[in-house]
Each structure stands twice: as C-alpha cells, then as structure tokens.
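Here is the naming used below: chain letters follow the sequence lines, and residue numbers restart at 1 for every chain.
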Protein chains: 2
Amino acid sequence: MTSGKDVRIKDTKKQNNTMSKNLKIIPLGGLGEIGKNMTLLEYGRNQIIIDCGVMFPESDMYGIDLVLPDFDYVVENQETLRGIVLTHGHMDHIGGLPYLLKRVNAPIYGTALTVGMVDRMLEEAQLQNRTTLNVIDDTQTLHLGPFRISPFAVAHSIPAAVGLVIDTPVGTIVHTGDYKLDETPTGGRTTDFKRLKELTPNGVLAMMGDSTNADRPGRTPTEQLVADTLDELFAEATDSRIIIATFSSVLARLQEIMRLADKYGRKVALTGRSLQQNVELASELGYLKIPKNLIVDIETNVPNDKLVILSTGSQGEPRSALNRMAKGEHRQVEVHDGDTIIISGGTIPGNEEDVGRMLNNLFARGANVIYGPLATVHVSGHGSREDMRIMLEKVSPRFLIPVHGEMRHQHLHARLAQDNGMAGEDVFILSNGDSWITDGETAWLTGSISAEDVYVDGSLVGEIGERVMRDRERLSQDGFVVAYVPVNKKNKLVGEPRIISRGFLQMDSSSELMDAAQVELKRALKRNGRFPDDTVRETLQNFFFNKTKSRPVVLPNIVRV
Amino acid sequence: MTSGKDVRIKDTKKQNNTMSKNLKIIPLGGLGEIGKNMTLLEYGRNQIIIDCGVMFPESDMYGIDLVLPDFDYVVENQETLRGIVLTHGHMDHIGGLPYLLKRVNAPIYGTALTVGMVDRMLEEAQLQNRTTLNVIDDTQTLHLGPFRISPFAVAHSIPAAVGLVIDTPVGTIVHTGDYKLDETPTGGRTTDFKRLKELTPNGVLAMMGDSTNADRPGRTPTEQLVADTLDELFAEATDSRIIIATFSSVLARLQEIMRLADKYGRKVALTGRSLQQNVELASELGYLKIPKNLIVDIETNVPNDKLVILSTGSQGEPRSALNRMAKGEHRQVEVHDGDTIIISGGTIPGNEEDVGRMLNNLFARGANVIYGPLATVHVSGHGSREDMRIMLEKVSPRFLIPVHGEMRHQHLHARLAQDNGMAGEDVFILSNGDSWITDGETAWLTGSISAEDVYVDGSLVGEIGERVMRDRERLSQDGFVVAYVPVNKKNKLVGEPRIISRGFLQMDSSSELMDAAQVELKRALKRNGRFPDDTVRETLQNFFFNKTKSRPVVLPNIVRV
C-alpha cells in the first residue's frame, strides 16, 4: 500500500496546472487515533467538510479536557467552504463544531437527530447564530458547489446514521461513516446497500472506509442478541431492582429496555444528564416511542421489583451517575444487596481501570453485576473484518482510503483489501494533513498541511503544547522544589535561602531532609556563587536524587535584595 | 456470603481464651486488587507467610514505582515467624521479599526455579545473607512449627508452580496458588489432583482459591493452542524475519518457540534483560532445553528468513525492547517492511493504551503484526469459571476464601461456589488485614489489623502518602504558580512581587497573563495586606480561574526583607 512517507512529489508544476481539475481529500483528524473525525474535500475553489469531532485525551495528555482537529487550513480558506456534512451525532463526529464555528461560518447538514444534537450543543455554547442547520434525509441529494452528496442509511449504535455518496467532477467517492451490517437491528436501520448501488451506477472511484474493528475476526453480532440477553435478565431478576448503565446515544437499546420494562411491569427512572437530554430529544423527534406513564421521576417511590433505573456511566467516568452509586455518593440511589446491575456498554480502550474499580465497588455493595464477558450485554456499532470485506465487495472502489480507528486498524483494513484482490498501490494509508489527490484516473499523495492535535484545557484552546505536557508529566512523578535565594549585587547570598516543595515528600518543607538541603545549598552557594541559578539547580537536583532517587522539578528563585 | 463489614464480635472473651486453639488466616495483600499477594497463617505463637509479592502502580498512583503489602504486623511478631513459603516465581508473589527481608529474618521455601529467581533478586539487592533459601519439591512435606506443608504441582504460566496443602492442628487448609487446568501444557505440568487427594484424606477445612478469571466463562484454553498457532505462523512466514514478544517467565512457551525455530531452521536471538536472565537461569536449572548452537548474539548477521528474535515488551512498557523497536530506538534491531511480529502475551488491564500505541508504531514501520484477537497467540495462566468449579468440586472445602484477582472476581468466585451448593455463610470475602478465624468447627471474622498499601517511590518506602498523591494529581492537571512577595515588618509589600510557574501555560512566567496577574496581585496586596499568604492564594486562584478555567496549585512565598 501507499503511505505518506513513501511519497515523492515528482512534477509539482503539472500538479499545479491541473489543480482545478483534481479532487483533493485531506483528513484533518481521525486518522491514527480514536476520535475527532474530520475530512476535507477540495475541488478547485470549493471545499466541503465531512464531520467535525473531538477526541477525549489519552492518559499521557495531562490536564487536557479535549483534543480538536487543526482548523487553521479551513480558516485560511474559509471563503471556499460550501458546507459541513455530518454522518451521525456521536461526539467524535460532531463535538468539534462549537470550536470550529467560533472561527468560520458555514451551513451544517445532517439527519434530524444529528442536527437536533448539534442544535442543543450550539445552544449551550451560545453559537446558534453562527450557522444554519439543515435537516436532510437518506432519500435526498444535496448540492454544494461541484459536490453532489447523497446520504444512505447505515446501521450504527445511534439512529439516523448515514454514509455518503459524493459525486464529484472526477468521479464518485463513498464515505461509509461509522457502520455495521446488522440484519436485525431492533428498531434501528439496516445498512442500505440497495440505495448505495443505485447511487453509484458508474462505479466508485474511492472509498473512505471505517476501520475501527479491523482486528476483530468474523462479523459483529447483531443488536438483537443484546435484546435477547436483556429479556432473559429481566425474566430472572424477579425480586430485584434492575439498574442498567449504557451509552446515552444507543437509542435503539434504550427503546428495547423500555419495551422490556413495559413487558415486565416495571417503571423506568432516568439518572444522568446526557441520558435525560437524549431521551427528551429523541422522543420529541420520534426516534423513541415511550409507553405512557412508563417514565417516573427518580425520586418516586417504586418497589424494587417494579423499577428499572437507566443510568449513564458504563465507562466508569468519575462523575457519572453509576460511579456515584458505586462510591455511595449518588443522592437518590443507594445500591444494596440484591440489586441487579447491567453494564450494557463495551469498555472504551483507556477506561479499563476506571470501569474495573467501579465494578469492584458495586460488588462490594452486594449487587449482582452483569458485565462484559459474563453475558452479551453489549455489541459493537462497527463492522468486523467480514463486514468490512462485504462492504469492500459491495462498493468495489478503485482506490481505498481506510479511515477511523487507530493506525493499526487502518493497516489491517488495507491488508484485508489486498487479501481480497486490491492492488497495494491503490490502497492509501494517510496521516492527518496528508493530501490525497486524484484526477479520476490515477491518485497520489502530496506533502501534508499542518494538522497537529489542538489541546483544549479549560478555556484555553491551542495554547498548551508539548512543553507544558512534559512539565506536567514530571510534576506528576516527583513534584517540585522552589528555592528562594536572596543575593546582593555581587550574587553573594545575603540571609537564608528558603526551600518550598509540593508533591515531592509527605512532610514537604518542614522535614529534616529539607533542613539538610538548605545547609547543602548554603555551602554550595558560598563555594560557587557566580551563577546562582545553575548552582541551585545542580546542587538540589543532585542532593535530592542522592537522598531519594527521585527527581523533583527544581526552580531557583534568585532575588536581588 | 460473609464479608468484613457484616461481622460483629459477639464474645471476645471466649475468643481470647481459646486463642491458642484457633487458626487465623490474615491476608496482607492480594485481596481486591491485582498483585502483591501475601497471606499470613497464625496458630498460637507460630506464623508462616505464603508468598510476598509487589503490585505495579495503578494509573492514579502518581510517581509510584511499586506497591508493597504492609509488613508492620509481621515485624511486630517476627519472633513467631517460622518461615516464608512461595507458590511460584512471578513478581506478584515474590517481588516484596527484598523489602520484607530488610525488616525481618526468616527462611524461605520454594521449588528450585522459584528459589533461583528469588536468589537472583536478593543478590541484586545484596540481601542474600538475610535469609536461607530452601528448595522443596512437590513430593515433600515441610514442617514449620505446628504447620505441615505439602506442595502439589499446578499448571500455570511459569514452570514449577505449586499449590499448598497445609495441615494445621484444627484441620487442613488448601491454598491453590495461581493455577489453570491444562491437560496439554506443552512441557509444563498438569495440576496434580491425585496428590491433592492423597494429601487430604480427612477432607479440607478451608480453601483459599485463585479467583483471577472468575468473570471468564468456560475453561481456559490449553497452551497447546498457542503452540499450534505459532507453528502455523512459522510455516507462513517463509521469507520474513520473525520477532516474538512474550513474558520472560513463560518458559514453556519459550521452549516451544525454540523447538519451532529449530524445526524451521532458524536461529534465535534474545533481547531484553529479564528474558536473557530467565533463559540463563532456566537452562541452568534444567527447565529449558536449548538445542545446541540455536541461540545467537543479537549482533550476529543472520538472514531474515533464518532468524527469530525473542523480545520483552508484550505490555508496551516504554523502555522494553519491543517498544524501542517500535519507536526506532533499538540499537540492534530496526523493524522493516515484511517483518512478522507476534505479540504473544495478553494485555494486562491498565496497559491497553501503551500496547495500542506500540502496535500502531510497528504497523507504521510496515511490519505484519499478529496480536490478541487476530490469532490465539496467548492463553491465560489462570483457570476460568468452569476450571474453578472443577477445583471446588475436587477440593470440596468446608469453607471458601476467594483470593487473588480484584474484588469483583472474588465476589463472582463466591457466587459460583454458592451456585454449586455451598452455603452463603461458609464463603468469606476478606479485605486485606481482616482476620479469618477457625476452631476447626466454625469460622468467623474479627476486626482487621493495619494492612494499607505501602508505596515505593525511588528509595523512599512508605514515606509517600495520600496527600502527596493528591498534590501530584493536581500538579499533573494544571501545574503550579509560586508568588514571591517581599514584605516589611508590617506585612506591607516592598518592591515587586514575582510570579514563577511551571506546567501551567506554554509561556509560563513571561506571558501577558503573568504580567496582568502581577498587577492584580499588587493591587490586592495594597488593599488587603494583613494576611499576605491568604491574599496571594485567593487573588491568584480567582484570577487564573477566571482567565483560563484552570486551577494551578498556588504557593505564596512571603519573604520579610
């Protein structure tokens, strides 16, 4: 396969000359990582954006709240931006919009549920006036400059998800969006291969294909399995309260749980803000049909065997409803002996420790917790290898660009395509910022534009970089020491140095060790006072390492008095 | 089941009177967590210890290198300590010994491999003279005070692992150790139910049973499956170099890999210190039979298709050999297109992100990486639910104490026992430090002795506590700010305050924000200078939060000049 590092630009002039007749695809986020999906399509002076997500930080992104795609290129070319098209309403596909809309103005297109979720998000950010929101459905075709965009239904873990067929002057592009192939999706939709075929009578030039589950063999199980398991668990839990934690956007599953509650004569109480909001929005828009009088307020007194509590927190998030129950900090719900608790959500990589700790706490409170390996209480929303093979076969693209998932998944997707007959040079592994270019006949990569991770920390966007990250990492390991050193004009110590520390030792500033450090520091400054900054740093770093084998950050504060 | 929180001590006097006729079991580590397994058995003035492990820190244990069991109770009662008996040589069962032996002196007993590994560890810590090491095997019985201890062979992911039958004056205790039931363990041993039965003619009073895989249904697959998969992968990789990363202690698998290398005409090169040490030790002791001339130095020039590189790093550990290859930092091995890399080790919870990142890097270098879900390149060393049920049936104990694994696994083990006919009150969920007491007829719990986690950070043992941990957490999130404020005797500001920060903002001390903060601080100190510490803290905390929505640690450094 072809990847960015292999590329040499052979004939820049030719490329520039033919620029207006070429299509460019530039991923700005979503390659080589989970989340912040965003792709730019460019033809002449026309751009469209597909999705604009956020990524939740990895564990070594200290203190970071969110990670955004790099919007600079979009902002620089904003007069050519024709619109933003969304595939579905998950945060890794729409969460970046409030940040993007602060910098550019463009109409947004998506299905009713997707647009509803964006609307709520923009309302919270007070950005509704920055854009127009346009509802489209999977029977329509949208014209944005030279792009003709036709959504087609896909099965995924949120309703109203679509893939996109994008007709361009050089050929047809298919973006699968996030999809699975599920023939029995319990109220959701199957992936609409019929429309996909009708939309691509002349074949497909390139497919951007979801790679998330490229390391899972076989097919992703159907959502119906979860429905069946839940039915069994409801039937068994005759005397006990049932608490179910799931993703607030898996509306088909929420629908199924409500159906089961109704069937078994139970009421449903909701806890967790995102869950309440999504249930409200989805039932307003008709994506969720709630039997009358089913939902009760969480404060309502309902016997244990007549109640289902639907909760957020399947990822063990510290402040989620279920984790507060686990720690005994939930205001309305106290978990007790005999409760049946169902964790109906797979653990997202990186959350294993949080989830494990929450489970331990729930068991310690006497609950009967059913999770992951014990029963089929969750299935993935992404197709596995065999599903991906079927998609490749159905679309049969000339070129493949694996998207979504991490680097390993894209490579495994690429190998799968090659095992199924695609030529290696027709499969392109892109990095964020790489430009994939096609004239409709051939395709090649050019050097990349800037597409760095942009960190959000509190209200700071893009102001925190690698240096701060590394400082935080060091501080998290061994804390710090600040040495105040009063000197005269000749850099001679006058008075007493003072050492303050935090996060280094239990006793911090008052210990014997600190007294010894002060003595050592005075001695060193007397011996070598010409460059007091260096002397303080070296002396204290060596002293503390010898005594503790730790390396706190040492900051000299030399003050001329 | 019965757990610590349920216990009321009804008749303390009776218990004290009969103390010398009762057996006490006190777990000091290894309950409710992975690792640092250690159990104390006490009868009158006689104690023995089973295992003494370390735990590797969880992600919220900032800067901590290791976690030890609490040795205080053992140290206080050291004159009654008859010996330390080890079940096998994994670090979570022996890694605490160097720390324990610095405080008490007691003979150590284990199989030849286990004792060999301890010997090497004590040599490195220069503690060999603190104990005597005694090799026992699974045909012997060891007498330590009133305890008669007979090891029996168990299958596990390290050779020479044993469970223990411990005869005491009040009855027989079985400690399973870490075990799986594997009828085809490729050179390892099967779990010896025959000897176990012979050793327990009068039945078993209590079993301490491994709970690690209590959430995995069915049986743990046999190691033979891994051997078969590796054979297939060797057969397929005709032209490519093979790099295999695995745990350095899975000697049966190392043996199998060497057999395959020999079969397919390949040499084996080793990289990674622990791997080289274990291979050396195991072949010295006869646990590993290495064909002549099979091993070559990693620097030797061997054609790709004639070489297997055996490496550490299946957990993506930052400094491991494989991770250095992934990052292009390994001195001898450069991963390239066409390499077959096999990750023959399950990912330990908490390591998912590190492993994922390493895999991404290896794929990006063009390697064909085979891992986890793609093929059976690893199986667990612990029995699953059906194995645990078989063990319960074979041992048929009067009482069950689930050990090892986390809290959820112990609860699931307890439920499994109850589903198979044990009475709830005969199953005891203990916390570290709980005392389980039996007179041979009944059993009960008493309040716990201190058994806190003991943190090792550099050369500091037990000196870092929760406060430092919380400080480090805050520092890792938002960094810190130190404000130097010179005042006169009346606490009036004289001269300029100075603000130093680190890990807070990219520009740290020199930015506009810092200048504004200084102005704000001067204004505040002029307005309210009576308690300058408080003024500095409040002013800067509020100022920075308003400006950035971040909360750096603020430390005032008020200096009287």
Side-chain angles (χ1 to χ4, degrees), chain A residues 3 32 58-60 62-63 215-217 349-350 352-353 356 359-361 363-364 368-369 371-374 406-408 411-412 415 457-460 463-465 467-468 471-480 482 484 486 498 500 502-506 547-550 553 555 557 559 561, chain B residues 3 32 58-60 62-63 215-217 349-350 352-353 356 359-361 363-364 368-369 371-374 406-408 411-412 415 457-460 463-465 467-468 471-480 482 484 486 498 500 502-506 547-550 553 555 557 559 561:
Chain A
S3 70
E58 299 183 22
S59 60
D60 63 347
Y62 293 91
D215 59 7
R216 301 202 193 171
E352 291 80 1
E353 279 188 344
L359 293 175
N360 290 341
N361 289 332
F363 272 107
N368 179 25
V369 191
Y371 64 97
L374 295 166
E406 300 187 46
M407 181 65 88
R408 61 187 180 278
H411 277 270
L412 286 168
R415 276 162 209 268
D457 181 3
S459 60
L460 305 172
E463 293 178 54
I464 305 287
R467 224 199 77 207
V468 171
D471 283 343
R472 288 180 183 174
E473 184 181 9
R474 271 197 69 193
L475 290 168
S476 78
Q477 295 300 302
D478 294 317
F480 71 88
V482 174
Y484 157 74
R498 187 199 288 195
I500 307 175
R502 194 60 78 84
F504 171 36
L505 297 170
Q506 195 73 356
K547 295 290 182 189
T548 68
K549 299 283 173 285
S550 287
V553 172
L555 272 191
N557 179 19
V559 178
V561 294
Chain B
S3 70
E58 298 183 23
S59 61
D60 63 347
Y62 293 91
D215 59 7
R216 300 202 193 172
E352 290 81 1
E353 280 188 345
L359 293 175
N360 290 341
N361 289 332
F363 272 107
N368 177 25
V369 191
Y371 63 98
L374 295 166
E406 301 188 46
M407 181 65 87
R408 60 187 181 276
H411 277 269
L412 286 168
R415 276 161 209 267
D457 180 4
S459 60
L460 305 172
E463 292 177 56
I464 304 288
R467 223 199 77 204
V468 170
D471 283 344
R472 287 180 183 174
E473 184 180 9
R474 272 197 68 193
L475 290 168
S476 79
Q477 295 300 301
D478 295 316
F480 72 88
V482 174
Y484 157 74
R498 187 199 289 195
I500 306 174
R502 194 58 79 84
F504 171 37
L505 298 170
Q506 196 72 357
K547 295 290 184 191
T548 67
K549 298 283 173 282
S550 286
V553 172
L555 272 191
N557 179 19
V559 177
V561 292

Could you look at L374(A) and say if it's the side chain, the backbone, both or neither that has a heavy atom under 4.5 Å from chain B? both
State, yes or no, whether a side-chain contact exists between L555(B) and V482(A) at a heavy-atom distance under 4.5 Å. no
Measuring heavy-atom distances to chain A, does E352(B) have an atom under 4.5 Å in its side chain, in its backbone, in both, or in neither? side chain
Test item: Y484(B) and R498(A) side chains (from C-beta on) under 4.5 Å apart, heavy atoms: no
Give, as side chain, backbone, both or neither, the part of R415(A) having an atom under 4.5 angstrom from any heavy atom of chain B. side chain
Counting heavy-atom pairs closer than 4.5 Å to chain A, which one of P349(B), P373(B), G458(B) comes out on top? P373(B)
From CZ (R502(B)) to CG (D471(A)), nearest 0.5 Å: 5.0 Å
Counting only non-hydrogen atoms closer than 4.5 Å, does E353(B) touch chain A with its backbone (N, CA, C, O), its side chain (CB onward), both, or neither? side chain
Keeping the roles fixed (side chain from R408(B), backbone from G356(A)), state whether a donor-acceptor pair exists under 3.5 Å. yes
Does F504(B) offer a backbone N or O that forms a donor-acceptor pair with the side chain of R472(A) under 3.5 Å? yes
When you measure from the side chain of S459(B) to the backbone of T548(A), do you find a donor-acceptor pair of N or O atoms at a distance under 3.5 Å? yes
Distance in Å, L475(A) CG paired with D478(B) CG, rounded so as to fall on 0.5 Å steps: 11.0 Å
Counting heavy-atom pairs under 4.5 Å to chain B, which of L412(A), V553(A), N361(A) comes out on top? L412(A)
For a 4.5 angstrom cut-off between non-hydrogen side-chain atoms, does L505(A) reach L460(B)? yes
Please identify, among P217(A), P486(A), G465(A), the residue contributing the most non-hydrogen atom pairs under 4.5 Å to chain B. G465(A)
